[in-house]
Amino acid sequence: MDEETRCVHYHTEIDRIAIRFHCCGIYYPCYECHQEIGCGQPDVWPKERFGEKAILCGACGHELTIAEYLECKSECPQCSAPFNPGCNLHRHLYFKK
């Protein structure tokens, strides 16, 4: 992982978040990193816990709640750094619908 939380799987300029996994409470840059070195018991965040901080902006270190992240339009509300909108394709791997 680099200084802005990019990993070997997702490393474009806008890949700059890490997600605290519900199952183990540890931040990983992506689900593939979690599969490779994580707890081995992936679990998604339930909707009733979307108010918890679980997203880390790799640009400024600001922690977002899940709700803030899902509503932020792919931009850090603290520093305006762009996030990869393609992460939404993997939303089901992190958060309940």
Side-chain angles (χ1 to χ4, degrees):
M1 183 168 67
D2 76 5
E3 66 280 349
E4 288 198 11
T5 71
R6 292 178 194 93
C7 66
V8 297
H9 308 105
Y10 298 96
H11 48 268
T12 69
E13 174 63 26
I14 56 176
D15 289 311
R16 63 169 48 96
I17 64 158
I19 300 168
R20 184 167 58 93
F21 277 72
H22 180 255
C23 47
C24 58
I26 299 172
Y27 277 101
Y28 290 94
C30 76
Y31 70 95
E32 291 182 67
C33 288
H34 181 259
Q35 284 177 335
E36 291 174 9
I37 57 175
C39 68
Q41 300 179 347
D43 190 19
V44 295
W45 284 93
K47 279 187 127 177
E48 59 271 9
R49 295 188 62 193
F50 280 15
E52 293 187 35
K53 292 183 178 184
I55 311 298
L56 179 69
C57 173
C60 72
H62 178 69
E63 285 185 290
L64 292 78
T65 66
I66 296 165
E68 288 173 325
Y69 173 69
L70 295 175
E71 296 171 6
C72 76
K73 304 210 186 326
S74 300
E75 181 179 282
C76 178
Q78 183 73 28
C79 72
S80 300
F83 299 151
N84 189 339
C87 291
N88 197 37
L89 298 172
H90 303 135
R91 177 181 173 167
H92 66 285
L93 298 171
Y94 308 110
F95 317 114
K96 286 266 193 210
K97 289 186 179 187

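Computed over heavy atoms, backbone and side chain alike; hydrogens, waters and symmetry mates excluded.
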[X] with [Y], same ILVMFWY side-chain cluster at under 4.5 Å:
{"X": "L56", "Y": "I19", "result": "no"}
{"X": "Y27", "Y": "V8", "result": "no"}
{"X": "L93", "Y": "I37", "result": "yes"}

Looking only at heavy atoms, which two atoms of [X] and [Y] are closest? And how far apart?
{"X": "C23", "Y": "C39", "result": "SG-SG, 3.5 Å"}
{"X": "T5", "Y": "A18", "result": "OG1-N, 3.8 Å"}
{"X": "C24", "Y": "H34", "result": "SG-NE2, 3.7 Å"}

Flag for Y28-Q35: side-chain donor and acceptor within less than 3.5 Å: no

Is there a donor in the side chain of E4 and an acceptor in the side chain of H11, or the other way round, less than 3.5 Å apart? no

Which value, rounded to the nearest 0.5 Å, describes the distance between [X] atom [atom1] and [Y] atom [atom2]?
{"X": "C76", "Y": "I55", "atom1": "SG", "atom2": "CD1", "result": "11.5 Å"}
{"X": "D15", "Y": "C7", "atom1": "CG", "atom2": "SG", "result": "7.5 Å"}
{"X": "Q78", "Y": "E63", "atom1": "CD", "atom2": "CD", "result": "11.5 Å"}
{"X": "E71", "Y": "I66", "atom1": "CD", "atom2": "CD1", "result": "12.0 Å"}
{"X": "I17", "Y": "C57", "atom1": "CD1", "atom2": "SG", "result": "9.0 Å"}

Between the side chains of R20 and E52, is the shortest nitrogen-to-carboxylate-oxygen separation below 4.0 Å, so that they form an ion pair? yes

Parallel, tilted or perpendicular, as decided by the 30° and 60° cut-offs, for the rings of F21 and Y94: perpendicular

Would you check if the side chain of R16 reaches a backbone N or O of P82 as a donor-acceptor pair within less than 3.5 Å? yes

Look at the side chain of E68 and the backbone N and O of T65, then say whether any donor-acceptor pair between them is shorter than 3.5 Å. yes

Side chains of H9 and C33: closer than 4.5 Å at any heavy-atom pair? yes

With a 4.5 Å limit on heavy-atom distance, are the side chains of E13 and R6 in contact? yes

Over 12 non-hydrogen atoms of neighbours within 6.0 angstrom of CD in Q41: no

May I have the step-by-step check of ring-ring contact (aromatic ring centres under 6.0 Å, His included) for Y10 and H90, ending in yes or no? CA-CA 12 Å; Y10 298 96; H90 303 135; 5.7 Å; yes

Under the side chain to side chain contact (heavy atoms under 4.5 Å, CB included) criterion, do H62 and C79 qualify, and how do the steps go? CA-CA 8 Å; H62 178 69; C79 72; over 6 Å; no

Determine, stepwise, if the pair F95 / V44 fulfils side chain to side chain contact (heavy atoms under 4.5 Å, CB included). CA-CA 5 Å; F95 317 114; V44 295; 5.7 Å; no

The single option from W45, F50, Y31 passing ring pair (Phe, Tyr, Trp, His ring centres under 6.0 Å) against H22: W45

